[in-house]
Protein chains: 2
Amino acid sequence: MKKQKTRDHIVEAADQLFYQQGYEHTSFTDISDAVQISRGNFYYHFKTKDDILDAVISARMDKTRKMLAQWELDGSTPQGRIECFIRILITNRDKILNYGCPVGTLTTELAKLNHASREEANALFTLFRTWLEEQFILLGRSKDADDLAMHLLARSQGVATLASAFHDAKFIDQEVAQMCDWLNAYMPKE
Amino acid sequence: MKKQKTRDHIVEAADQLFYQQGYEHTSFTDISDAVQISRGNFYYHFKTKDDILDAVISARMDKTRKMLAQWELDGSTPQGRIECFIRILITNRDKILNYGCPVGTLTTELAKLNHASREEANALFTLFRTWLEEQFILLGRSKDADDLAMHLLARSQGVATLASAFHDAKFIDQEVAQMCDWLNAYMPKE
DNA sequence: GTCTATAAGTAGATAGAC
DNA sequence: GTCTATCTACTTATAGAC
């Protein structure tokens, strides 16, 4: 465990602010205000703003991997584990209503900016995609496991976008229930 | 018909650039380069950059209303008209692969910027939402017409986001086919 | 109506004191 | 490691000539 308190604080604050305000719209002043350091101090820890973004994406990758590993423990069946994925919409309901999906909004923004780290951000999607694919394979759907993974990713993504636009919590609950129904009706029974 | 050639050119170029690069990331220099006018000339036609955004949103509202009116003519049944909506994903496939959905990406960006015109952009979503709701009512689904409209909007939105992230045209075609199946299987036959 | 010149502010980034 | 002071580039916006 390295002692990098300030660096970690910067990454944590930048992570939140990039999510809430967008990457480009977040200035060094915003981050330094949040971390309570001077703007100059940044450059001891990072060379450029892009480097902070890379650190944020890397931190999100780690957090996501840990969450997926936890879901492996939480759900005893593939269905149960996929339900864990569907339910993040409810777990993070309030944040999603205000700021949308952290993965979708970042990849969308970086795509418009044609940013060098675009693909790194997309890897966050791939993490979920591959994990979901594995679960569908375990359900005996190896032929279309990736299609089902993409389908579910897209459904969640659309729900987050619309729920955020209309600030509609009920819509999230409704669609989550529908996705769970879809999962149980569409999949072979054990 | 007012003679406002330059003004219209500005709105048209801004519309494209806001879609391709995002609102904040697009500078007056970008727009003036596209229109081939000087930066100073802007302020004869618009007071602020926000005013250009409002004009762009207003133009998109007009274009959308005309498109919806055209779909009323193109489809003889509510099913057929809803299919027109589903198929915009295919009609605009190339643009969506590169820049996502113009409505979804704009509302998402303005939400993060906490921009004054956020609700004006959301009205674009509402235009589709209300129109779809009307079609589902005509199909005899007045009880859950709005839920169905929101469901379909979210599906399309998610498909656009994922297709853009992974630059996957096949995924669009696949999901469009599924949405059409859903529409025909789920809806009462005539 | 369109231009050039320029103001006023903010962005990311650097230098050097402590 | 953290600070202050500063630089350069770029942003929106204005003033005034043509």
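Numbered from 1 within each chain, the chains take letters A, B, ... in sequence-line order. Note: hydrogens, waters and symmetry copies are ignored here, and every other heavy atom, side chains too, is used.
- With B:Asp146 contributing its side chain and B:Glu133 its backbone, the two residues share no donor-acceptor pair below 3.5 Å.
- Ring geometry for B:His115 against B:Tyr23 counts as perpendicular: the plane angle is over 60°, on a 0 to 90° scale with 30° as the lower cut.
- For A:Tyr44 and D:dG1, the shortest distance from a side-chain N or O to OP1 or OP2 is below 4.0 Å.
- A straight line from CZ of B:Phe28 to P of D:dA9 spans 23 Å, rounded to a whole angstrom.
- Separating the CZ atom of A:Phe42 from the C1' atom of D:dA5 is a distance of 17 Å, rounded to the nearest angstrom.
- One finds a side-chain N or O of A:Thr6 lying less than 4.0 angstrom from the OP1 or OP2 phosphate oxygen of D:dT2.
- The aromatic rings of A:Trp71 and A:Phe128 sit tilted, their planes meeting at an angle between 30° and 60°.
- Atom CG in A:Asp51 sits about 14 Å away from atom P in C:dG12, given to the nearest Å.
- With C:dT2, C:dG12, D:dT11 as the choices, the nucleotide that has an atom nearest any side-chain atom of B:His45 turns out to be C:dT2.
- Atom CD1 of B:Ile31 and atom C1' of D:dA13 are 14 Å apart (whole Å).
- We find that CG of A:Asp8 is positioned 15 Å from C1' of D:dG1, with the value rounded to whole Å.
- When the P atom of C:dC3 is taken as reference, atom CD1 of B:Ile37 falls 7 Å away, rounded to whole Å.
- In this structure, A:Arg7 places its CZ atom 14 Å from C1' of D:dG1, rounding to the nearest Å.
- With rounding to whole Å, B:Asp50 atom CG is found 13 Å from D:dT11 atom C1'.
- Nearest to the side chain of B:Arg39, among D:dT12, C:dT2, C:dG12, sits D:dT12.
- Within the nucleic acid shown, A:Tyr43 comes within 4.0 Å of at least one base atom, counting heavy atoms only.
- Looking at which nucleotide of DNA chain C each of A:Thr26 and B:Asn41 is closest to, the 5′-most match is held by B:Asn41.
- Within 4.0 Å (heavy atoms only), B:Ser27 reaches sugar-phosphate atoms of the nucleic acid but no base atom.
- Using cut-offs of 30° and 60° on the angle between ring planes, the pair B:Phe125 and A:Phe166 is tilted.
- Classified by interplanar angle (parallel below 30°, tilted 30° to 60°, perpendicular above 60°), the ring pair B:Phe42/B:Phe28 is tilted.
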